[in-house]
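Below is one structure, written out as structure tokens, with a few remarks after it.
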Amino acid sequence: MTSKFKIAAVATVLVIATATGALAQAQQGGVRVGVIDQTTVADQSTNVALGRYAKARQAIGAVQGVRAGYIKQVTVSRRATNLAVGDRAAACQTIGTIGRVC
């Protein structure tokens, strides 16, 4: 019963994500709107920084630079990996954040 519920929930989210994908892309770069509804689905994401002074940044479902009266955000991430290897290496991964990201 639980697995059927999970499958139905994921399928619903995928349909919503497909329908709202254009809005998620359009909001980049400081948009002013009254209402934002964003749905992000990430099945598998990897963020890696290797080597000396290496830096990697990844933002999944992050809303930044937006002025809105109302923001509704749903982010589903199944597997997310964040790895930094090396002298002063830095890897930053932000998932489902409204406002400032790393």
Side-chain angles (χ1 to χ4, degrees):
M1 180 76 155
T2 304
S3 64
K4 289 181 181 180
F5 177 73
K6 287 180 184 178
I7 291 171
V10 170
T12 303
V13 170
L14 289 173
V15 169
I16 294 170
T18 303
T20 60
L23 178 61
Q25 292 297 321
Q27 75 176 4
Q28 297 176 358
V31 177
R32 293 182 186 192
V33 294
V35 177
I36 291 180
D37 288 320
Q38 175 179 326
T39 304
T40 305
V41 178
D43 179 44
Q44 190 172 3
S45 63
T46 305
N47 186 33
V48 178
L50 298 172
R52 189 172 191 186
Y53 299 105
K55 293 182 181 180
R57 178 180 172 263
Q58 184 177 45
I60 300 170
V63 177
Q64 63 181 4
V66 175
R67 293 185 183 186
Y70 174 79
I71 297 176
K72 177 183 164 188
Q73 178 182 11
V74 176
T75 302
V76 177
S77 180
R78 190 171 139 207
R79 283 182 232 151
T81 304
N82 189 25
L83 174 67
V85 177
D87 183 34
R88 298 180 192 161
C92 177
Q93 186 176 51
T94 305
I95 299 173
T97 300
I98 297 174
R100 193 170 188 183
V101 297
C102 61

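Here the structure is a predicted model, which means the values were calculated and not measured.
Shortest non-hydrogen contact noted between A49 and A89 is O-CB, 4.0 Å. Taking both residues in full, the closest heavy atoms of A84 and A91 are given as CB-N, 3.7 Å, listed atom of the first, atom of the second, then distance. What you find for I60 and S45 is that their closest heavy atoms are CD1-OG, 3.2 Å.
Of the inter-residue distances, the one linking T97 atom OG1 with Q64 atom CD reads 9.5 Å to the nearest 0.5 angstrom. Rounded to the nearest 0.5 Å, atoms CG (D43) and CZ (R78) are 4.5 Å apart.
I95 and V63 fall into different hydrophobic clusters, where Ile, Leu, Val, Met, Phe, Trp and Tyr side chains are chained together by heavy-atom contacts under 4.5 Å.
Evaluation of the salt bridge (charged side-chain N to carboxylate O under 4.0 Å, His left out) test over residues 79-89, restricted to residues two or more places apart or in two chains, returns R52-D87.
Remark: the backbone N or O of C92 is paired with a side-chain donor or acceptor of N47 at under 3.5 angstrom.
The one candidate from V48, T81, N82 that meets the side-chain contact (heavy atoms from CB on, under 4.5 Å) condition with Q93 is N82.
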